[in-house]
Amino acid sequence: MKKGLSEIIVRAVTRGQERGEVPGSDLPPLIMEYPREEKYGDYATNIAMTLASHAERSPRDIAETIVRYIEDDEGIIERVEVAGPGFINFFLKADYWHHFLREAARQGNRYGEGDIGGGKRVLIEFLSANPTGPLHIGHGRIAAFGDVLANLLEKVGYRVEREYYVNDIGTQMQLLGRSVYLRYLQEWDKELEFPSDGYQGDYISEIARTIKNGEGDTYLGSPEEDAINFMGEKASQIILGWIKDDLERFQVRFDKWYHEADLYTSGLVPRLLEELRNKEYLYENEGALWFKSTLFGDEKDRVVIRGNKATTYFASDIAYHKDKYNRGYDHIIDIWGADHHGYIPRMEAAIQALGCDQAIFKVILVQLVNLLRGGKQVSMSTRTGEFTSLKEVMDEVGVDACRYFFMLRRADSPLDFDVELAKREGAENPVYYVQYVHARISSIFKKAAEDGVEVPTFKDVDISQLRLPEERLLAKRVAIYPEFLEGMALALEPHRLTAYVQDLAGIFHSYYNKHRVISDDKALTNARFLLVKAVQGAVHSALGILGIVAPTEM
RNA sequence: GCGCCUGUAGCUCAGAUGGAUAGAGCAACGGACUUCUAAUCCGUAGGUCGCAGGUUCGAAUCCUGCCAGGCGUGCCA
């Protein structure tokens, strides 16, 4: 519809130019926007101001001229105004927006489904926290962001796969195994000093006890290396189990858990190194094998095999991303914690070196969560065992509130998360404000059923009954929803959804407080049934994307 | 030092493609339940958009410099 209006304007401008009454011979890009305030109409364009920039006429004068050339064959425009410095504001016919209500009411939580994705395949890899400790609150933010982005892209027609990359080998695993082993020894009253670089958290001792209960003293006598390997593997399995439990409760689901170890059993890493070697992007220096990432814009070359013959995580990561490309996605999105941003140039360098299309690869950085407790900063480190776990926050704040809270923020905005404050805000969290809309509307239909008020087939409803400005406003917000989703998806900014749904909720609550849906006026009641059903559909759809429950009662 | 991100109301943060009088929630204050749920509504108050220049009809938004905070800058991940 926005398109139809655009065409009307383009025709008006072009005709004006042909007659020499509108300056310029070509057409600047047409910008149609939703004005901030209702008094500026339903749509506005600044085309006159753009045209005026190269002419010696006032924008308002040009705007007036363009308006004279506007022809509205379909009869959708109520009136047109020139306002401010030269905006052309369009006011559409009173019931224009109401036509969208049937679609929203009919589709319910499927409302907003679109096809700008065109069935293109997108891989979103996110979270990928090392299985060396439980998920903490910072992980929660990334999990929520990745999941909601995936939901959003699915909604607008992409085929999305969610993937979690598990670093289950390497130095961190060694360290984990060693930490558990030492705690295991302590369980048998061995005297020893726990190293400061080991994992200090209580959960390490917990795992050690589990192993003691399961395996007894088997590993007291076995060679240290065997014991450490066993315990590292065992511990990472246990911890990965915790992570999966937490994520399930957090309503985050993955299609695939990609294990780093598989890159080696499948031979992908050696094959990758062979390929890079053949392309002469590798060289040896001081006993290590280096990748010439500086050829592709990185600030220094990077090691892929260390002096001790161990491959680096970077080598695995290159092989992993090559595999992603081989799987034939149209878009590859990585979501990383912002502390990894220095990693981007080398990853992009590797992708170029492999001859892959860099344009389809995108890293989204999510800023870290700065954890506070009662206004005081809490340092957070998996290694020292000082952190607030996601589980704890889910217990205290609730899953819905927690997810919603994270989605209020832009990904690249650092976030202060005060646990005490979040707990207090639990009851007053805006998420309930939005959920309440859904519950209230459910309750209206429940009431109707109780009182034997029949809910009509919506295609028969007379929408011209909706005459109030609030009703028009509600219908408009519902109507714009699919377009909103598209904008968010193209910008990869799912956080905008909370702003939208809060705005809609505000308008609804105000309306609900002032007017009753069920009344003696049968035709009006029916029209309002349609209206609130449509609002409920949009809210249900939005909450679905946010991964939050849409309750029928609260 | 260099690189990336951030700086908007007392607090936490929104401000799509540069537009009209910069918004919301919380906190504060005053009102509204005989009604389809008061987890709601109505009203009041709150600002040097970090600072200084520049680009143009127009800048919170783009450019440059500076200030402040965070992160990164390993043969760690």
Side-chain angles (χ1 to χ4, degrees), chain A residues 29 31-37 39-40 44 46 49-50 52-53 58-59 83-87 89 130 132 167 170-172 175 197 285-290 299-300 302-310 312-314 316-317 337-345 365 367-368 370 375 405 408-418 421-422 424-425 427-437 439-448 450-451 453 483-484 486-488 490-491 493 495-496 498-499 502-503 505-506 508-519 528 532 553-554:
Chain A
I31 293 173
M32 293 290 289
E33 63 174 23
Y34 295 106
R36 220 166 4 90
E37 292 181 52
K39 67 175 177 182
Y40 297 134
N46 64 350
M49 282 127 85
T50 318
S53 60
S58 85
F87 289 103
N89 294 336
N130 288 352
T132 53
N167 288 113
T171 49
Q172 295 303 312
L175 190 58
D197 66 344
N285 187 30
E286 294 179 7
L289 191 63
W290 297 73
E299 60 186 14
K300 55 176 288 194
R302 307 292 174 177
V303 171
V304 285
I305 296 181
R306 292 190 270 159
N308 65 5
K309 300 303 167 207
T312 59
Y313 282 80
F314 180 46
S316 304
D317 280 340
D339 54 337
H340 286 68
H341 77 257
Y343 213 76
I344 295 176
L365 296 175
Q367 287 292 327
L368 303 184
N370 185 29
F405 185 76
L408 284 168
R409 271 79 182 175
R410 265 159 55 228
D412 54 9
S413 169
L415 162 63
D416 283 344
F417 191 100
D418 190 318
L421 196 68
R424 249 189 293 134
E425 283 186 352
E428 314 152 355
N429 196 295
V431 69
Y432 301 110
Y433 184 79
V434 174
Q435 287 179 315
Y436 193 35
V437 172
R440 269 187 154 171
I441 294 171
S442 293
S443 158
I444 292 171
F445 287 98
K446 204 168 103 189
K447 171 74 175 169
E450 282 167 12
D451 294 357
V453 179
E483 203 176 301
F484 245 95
E486 288 181 7
M488 282 179 254
L490 291 174
E493 291 185 356
H495 75 277
R496 293 184 203 166
T498 51
Q502 243 164 277
D503 180 52
F508 172 79
H509 283 311
S510 175
Y511 173 71
Y512 178 93
N513 235 267
K514 247 165 92 183
H515 308 285
R516 298 186 59 77
V517 171
I518 302 170
S519 68
R528 288 183 173 172
V532 297
E553 56 183 28
M554 289 174 74

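Every chain is numbered from 1, with letters handed out A, B, ... down the list of sequences.
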Colleague: Check whether any side-chain N or O of A:R440 sits under 4.0 Å from OP1 or OP2 of B:C36, and answer yes or no.
Modeller: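 Checking A:R440 against B:C36: no side-chain N or O falls below 4.0 Å of OP1 or OP2.
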Colleague: Using O4'-C1'-N9-C4 for purines and O4'-C1'-N1-C2 for pyrimidines, with syn meaning within 90° of 0, is B:C5 syn or anti?
Modeller: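 Here B:C5 takes the anti form, which means its glycosidic angle is more than 90° from 0.
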Colleague: On a whole-Å scale, what distance lies between the P atoms belonging to B:C62 and B:C76?
Modeller: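 It works out to 38 Å between them.
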Colleague: Rounded to the nearest 0.5 Å, what separation is found between the CG atom of A:N130 and the OH atom of A:Y313?
Modeller: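 Here the rounded value is 6.0 Å.
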Colleague: By the 4.0 Å heavy-atom rule, please label A:A448 as base, sugar-phosphate, or nothing.
Modeller: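 Nothing, no heavy atom under 4.0 Å.
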Colleague: At under 4.0 Å, does any side-chain N or O of A:K300 touch on OP1 or OP2 of B:C2?
Modeller: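 For B:C2, OP1/OP2 do not have a side-chain N/O of A:K300 under 4.0 Å.
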Colleague: Considering only the C1' atoms, how many Å lie between B:A32 and B:C5, rounded to the nearest integer?
Modeller: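 To the nearest whole Å, 46 Å.
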Colleague: If you look at every strand shown and take non-hydrogen atoms under 4.0 Å, does A:G487 touch a base, only sugar-phosphate, or nothing?
Modeller: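 Nothing: the residue A:G487, judged by heavy atoms under 4.0 Å, touches no strand.
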Colleague: If you check every side-chain atom of A:A499, which of B:G23, B:A14, B:A77 has the closest atom?
Modeller: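 Among B:G23, B:A14, B:A77, the one nearest the side chain of A:A499 is B:A14.
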Colleague: Atom CE of A:M488 and atom P of B:A14: how far apart are they, to the nearest Å?
Modeller: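 Rounded to the whole Å, the gap is 15 Å.
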Colleague: For the base of B:A20, is there a side-chain donor-acceptor partner from A:N89 under 3.5 Å away?
Modeller: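 In this structure, the two groups form a donor-acceptor pair.
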Colleague: Is the shortest side-chain heavy-atom distance between A:V304 and A:F314 below 4.5 Å?
Modeller: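 Side chain of A:V304 against side chain of A:F314, heavy atoms only: contact under 4.5 Å found.
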Colleague: Within the 4.0 Å heavy-atom criterion, would you say A:H509 contacts the bases, only the backbone, or no part of the nucleic acid?
Modeller: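 The answer is sugar-phosphate, as A:H509 gets under 4.0 Å only of primed atoms, P, OP1 or OP2.
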Colleague: Side-chain contact, heavy-atom cut-off 4.5 Å: A:I518 with A:I444?
Modeller: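 The answer is yes; the side chains approach within 4.5 Å.
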Colleague: Mind checking the C1' distance from B:C26 to B:A20? Whole angstroms is fine.
Modeller: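 It works out to 29 Å between them.
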Colleague: How far, in whole Å, is B:A45 from B:A9 if one measures between their C1' atoms?
Modeller: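 Here B:A9 and B:A45 have their C1' atoms 11 Å from each other.
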Colleague: Rounded at 0.5 Å granularity, tell me how far CG in A:N89 sits from CD in A:E33.
Modeller: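 Here the interatomic distance stands at 8.5 Å.
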Colleague: Examine B:A14: is either OP1 or OP2 under 4.0 Å from a nitrogen or oxygen in the side chain of A:S413? Give yes or no.
Modeller: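 So the side-chain polar atoms of A:S413 do come within 4.0 Å of the phosphate oxygens OP1 or OP2 of B:A14, strictly under.
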Colleague: Base, sugar-phosphate or nothing for A:K446? Non-hydrogen atoms, less than 4.0 Å.
Modeller: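 Counting heavy atoms under 4.0 Å across all strands, no contact is made by A:K446.
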Colleague: With rounding to the closest Å, how many angstrom separate the C1' atoms on B:C63 and B:U21?
Modeller: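 B:C63 and B:U21 have their C1' atoms separated by 28 Å.
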Colleague: Taking B:G65 as the reference, what is the distance to B:C4 when you measure between their P atoms (whole Å, please)?
Modeller: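 Those two atoms are separated by 11 Å.
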Colleague: At under 4.0 Å, does any side-chain N or O of A:Y313 touch on OP1 or OP2 of B:G74?
Modeller: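 Looking at the OP1 and OP2 atoms of B:G74, neither is under 4.0 Å from any side-chain N or O of A:Y313.
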Colleague: Side-chain contact test, heavy atoms from C-beta onward, threshold under 4.5 Å: evaluate it for A:N46 versus A:P85 and give yes or no.
Modeller: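 A:N46 does not reach A:P85 side chain to side chain.
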Colleague: Categorize A:H495 for me: base, sugar-phosphate, or nothing, with a 4.0 angstrom heavy-atom threshold over every strand shown.
Modeller: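 The residue A:H495 makes sugar-phosphate contact but no base contact.
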Colleague: Just checking A:L289: base, sugar-phosphate only, or nothing, at a heavy-atom cut-off of under 4.0 Å?
Modeller: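 It contacts nothing in the nucleic acid.
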Colleague: Rounded off to whole Å, could you give me the CD-to-P distance for the A:Q367 and B:G72 pair?
Modeller: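 Going from CD in A:Q367 over to P in B:G72 covers 11 Å.
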Colleague: Does A:F484 reach a base, just sugar-phosphate, or nothing at all? Heavy atoms under 4.0 Å.
Modeller: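 Result for A:F484 = nothing.
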Colleague: Is RNA chain B part of any stem, that is, at least 3 consecutive Watson-Crick or G-U pairs with both distances under 3.5 Å, and where?
Modeller: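 Consecutive-pair runs (3 or more) involving RNA chain B: B:1-7 with B:67-73, B:10-13 with B:23-26, B:28-32 with B:40-44, B:50-54 with B:62-66.
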Colleague: Would you say B:G74 has OP1 or OP2 under 4.0 Å from some side-chain N or O of A:R302?
Modeller: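 No, outside the criterion.
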Colleague: Describe the nucleic acid contact of A:Q435 in one word from base, sugar-phosphate, nothing, applying a heavy-atom distance below 4.0 Å.
Modeller: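 Nothing, no heavy atom under 4.0 Å.
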Colleague: Which value, in whole Å, describes the distance between the C1' atoms of nucleotides B:C49 and B:G15?
Modeller: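 Roughly 11 Å separates the two C1' atoms.
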Colleague: Please list each protein N or O that sits under 3.5 Å from an N or O in nucleotides 58-62 of chain B, with the distance.
Modeller:
none

Colleague: Side-chain N or O of A:R306 versus OP1/OP2 of B:C76: is the shortest distance under 4.0 Å?
Modeller: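 The answer is yes; a side-chain N or O of A:R306 sits under 4.0 Å from OP1 or OP2.
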Colleague: Using OP1 and OP2 only, check whether a side-chain N or O of A:R36 sits under 4.0 Å from B:G15.
Modeller: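 Checking B:G15 against A:R36, no side-chain N or O comes under 4.0 Å of OP1 or OP2.
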Colleague: Need one value for A:N285: base, sugar-phosphate or nothing, where a base atom within 4.0 Å counts as base even if backbone is also close, heavy atoms only.
Modeller: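 The answer is base, as A:N285 lies within the cut-off (heavy atoms under 4.0 Å) of a base atom.
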Colleague: Can you tell me how far P of B:G74 sits from OH of A:Y343, to the nearest Å?
Modeller: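 Rounded to the whole Å, the gap is 13 Å.
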Colleague: Could you check whether A:F87 gets within reach of a base, just the sugar-phosphate, or nothing at all, counting any heavy atom under 4.0 Å?
Modeller: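 Result for A:F87 = base.
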Colleague: Got a salt bridge between A:K447 and A:E450, using NZ or NE/NH1/NH2 to carboxylate O under 4.0 Å?
Modeller: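 So A:K447 does not pair with A:E450 through a salt bridge.
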Colleague: Taking CD from A:E486 and C1' from B:A16, how many angstroms apart are they, rounded to a whole number?
Modeller: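 After rounding, the gap between these two atoms is 13 Å.
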Colleague: For atom C1', what is the distance between B:C13 and B:C57, given to the nearest Å?
Modeller: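 My reading of the C1' atoms in B:C13 and B:C57 gives 32 Å.
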Colleague: Would one find more than 12 heavy atoms of other residues, nucleotides or ligands at under 6.0 Å from atom CZ of A:F484?
Modeller: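 No, because the 6.0 Å sphere around CZ of A:F484 holds 12 heavy atoms or fewer from other groups.
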Colleague: Base, sugar-phosphate alone, or nothing: which one does A:P414 contact when heavy atoms must sit under 4.0 Å apart?
Modeller: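 Since only primed, P, OP1 and OP2 atoms lie under 4.0 Å of A:P414, the category is sugar-phosphate.
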Colleague: Describe the nucleic acid contact of A:I518 in one word from base, sugar-phosphate, nothing, applying a heavy-atom distance below 4.0 Å.
Modeller: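 Base contact - A:I518 has a heavy atom under 4.0 Å of at least one base atom.
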Colleague: Kindly assign one of parallel, tilted or perpendicular to the pair A:H340 and A:Y343, based on the angle between their ring planes and the thresholds 30° and 60°.
Modeller: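 Correct class here is perpendicular.
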Colleague: With a 4.5 Å limit on heavy-atom distance, are the side chains of A:Q172 and A:N167 in contact?
Modeller: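 Not in contact.
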Colleague: Contact class for A:A83 vs. all strands (heavy atom < 4.0 Å): base, sugar-phosphate, or nothing?
Modeller: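 Counting heavy atoms under 4.0 Å across all strands, the contact made by A:A83 includes a base.
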